[in-house]
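Below is one structure, written out as structure tokens, with a few remarks after it.
Heavy atoms only: backbone and side chains are in, while hydrogens, waters and symmetry mates are out. When a ligand or atom number is given, it counts from 1 through the structure's own listing order.
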Amino acid sequence: MTDDRPTATAAEAATKARDDCRVCGELTGAERIHIREMMFGTRASFEYRRCQACGSLSIDEIPVDLGRFYPPTYYSNDARMRVEQDPLWRRAAIRSLVGRRAFGRQGLSQRIARRVASVPDAYRVVKDIIEGAGLTTFEDPILDVGCGAMPVRLAILRKVGFRRLQGVEPFLSGDLTYQGVRVKKGELGDIEGRFRLIMFHHSLEHVTDPLATLRQVAARLAPDGRCLIRTPIADGYFWRTYGTDWVELDAPRHIALFSRVGLERLARRAGLEVAGLAWESGAWEFVASEQYRRDIAMYEPGSWFVDRAGGAFDEDHLREYKAEARRRVEEGDAGRAAIWLRRARAGEAA
Ligand SMILES: [Zn+2]
């Protein structure tokens, strides 16, 4: 921030360095660390604080030109999964079968399951979401916050039968429709209505004020609603192993990296509570963190993510990383997790 700026607006004030933890709100001291931008390899250094009360990490000062760090090549502008469009008759069949599987009292008969062997492909991608949220009908409204320009999960939910789907994403040139799913350019605060499910797939760590965002979630959740947050977990195995080379730190795009305790406290402050947690991690987290340790950015020549054959990782490495990631998940100490939140019971909100 320069001194010649006029009086700061509320939004600008939020970008200033602060003394309290963005996650738990405590004023206890923080360890200062420096993290480099290594996705695009600018290697610009950003100061983060590690809260001594909750172990969460947060950037000290949010860059005023944050949009600059989301160039058109940023992954949220790319579809990472392909969503096949089906003819009408097949869509109706999928909807009927998924409806029975997801909401029915009984599973599919073996005979029917065999006849639609390809249907579960799409269903499998969203099965944990449907079951975790306890969705009961295709009319349950679902919101994906920070869904990117190509919200594949919403597209798959639509493919299997859901209809009341909405995405919201700040880094767009305008509102758009992706495979029948409406995506609004904006923030959660721009969205009206109540939702049975509000999802953050690796987007909550990007928001400038996670507490304000979760309070907006609480205001928009149906009474029996669920909020799904998939995010890195700051105080786990990868942080201990790789420190500032851990790929998930992703400075300066990740404004806050939540510890488990930090996320629980943040939820409480917003009138929510943790209803469940499932660990997730993959081999790529090892590959990328090993590369950062060797000063190889994610998207530059020599990176496995640019040229798999030319990278320093062969099939044996990948098998080893995959097995280690699976062990971490089983032991409940991995790099990222899916956390389910619900509204805190009356009188318990902090
Ligand atoms: Zn904290």
Side-chain angles (χ1 to χ4, degrees), residues 10-11 13-36 45-63 66 145-146 187-188 198 200 202-218 227-281 332-344 348-350:
T15 67
K16 284 183 179 166
R18 47 197 286 171
D19 297 323
D20 59 325
C21 171
R22 285 181 203 281
V23 179
C24 74
E26 291 290 324
L27 276 165
T28 55
E31 174 194 354
R32 284 170 188 275
I33 54 176
H34 289 88
I35 304 173
R36 296 185 302 162
S45 181
F46 297 89
E47 190 163 286
Y48 278 67
R49 306 148 55 88
R50 184 161 188 269
C51 173
Q52 287 177 359
C54 79
S56 298
L57 300 166
S58 59
I59 198 166
D60 214 36
E61 198 164 341
I62 297 171
L66 199 57
V145 184
E187 313 274 350
L188 174 57
I198 299 177
F200 293 80
H202 291 276
S203 57
L204 188 67
E205 61 271 26
H206 293 256
V207 307
T208 53
D209 189 342
L211 175 61
T213 300
L214 284 196
R215 281 181 173 150
Q216 290 168 343
V217 166
C227 175
L228 169 59
I229 296 168
R230 295 182 58 235
T231 188
I233 298 295
D235 52 354
Y237 169 82
F238 282 85
W239 165 253
R240 296 195 306 275
T241 305
Y242 292 103
T244 53
D245 291 322
W246 178 30
V247 61
E248 299 274 20
L249 298 179
D250 197 24
R253 286 166 291 271
H254 286 182
I255 304 299
L257 291 121
F258 312 100
S259 66
R260 271 186 78 165
V261 168
L263 195 53
E264 278 168 20
R265 290 182 188 169
L266 180 72
R268 280 277 166 194
R269 294 166 76 204
L272 300 166
E273 64 184 13
V274 175
L277 181 146
W279 290 93
E280 348 178 291
S281 264
D333 182 21
R336 31 172 61 192
I339 296 107
W340 289 94
L341 302 181
R342 64 182 168 219
R343 290 156 70 117
E348 289 180 23

Pull up every protein N/O/S atom sitting under 2.8 Å from the Zn ion (ligand 1), skipping waters.
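As for protein N, O or S atoms lying under 2.8 Å from the Zn ion (ligand 1), they are C21 SG, C24 SG, C51 SG, C54 SG.
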Going by side-chain contact (heavy atoms from CB on, under 4.5 Å), name the residues that satisfy it together with V207, two or more places apart in sequence or in a different chain.
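Result, side-chain contact (heavy atoms from CB on, under 4.5 Å) vs V207: L204, P210, T213.
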Please walk me through it: do H202 and R336 pass side chain to side chain contact (heavy atoms under 4.5 Å, CB included)?
CA-CA 9 Å; H202 291 276; R336 31 172 61 192; 3.3 Å; yes
Results of salt bridge (Lys or Arg N to Asp or Glu O under 4.0 Å) for R260 - residues two or more places apart only:
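Applying salt bridge (Lys or Arg N to Asp or Glu O under 4.0 Å) to R260 gives none.
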Sequence neighbours excluded and cut-off under 3.5 Å, please list the side-chain donor-acceptor pairs for residues 229-239, or say none.
unit_1 : atom_1 : unit_2 : atom_2 : d
R230   : NE     : E280   : OE1    : 2.9
R230   : NE     : E280   : OE2    : 3.2
R230   : NH1    : H201   : ND1    : 3.1
R230   : NH2    : E280   : OE1    : 2.9
T231   : OG1    : E205   : OE1    : 3.0

Can V217 and F200 be said to form a side chain to side chain contact (heavy atoms under 4.5 Å, CB included), step by step?
CA-CA 10 Å; V217 166; F200 293 80; 3.6 Å; yes
Is it true that E273 and R268 make a salt bridge, defined as a side-chain N closer than 4.0 Å to a carboxylate O?
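Here E273 pairs with R268 in a salt bridge, since their nearest N and O are under 4.0 Å apart.
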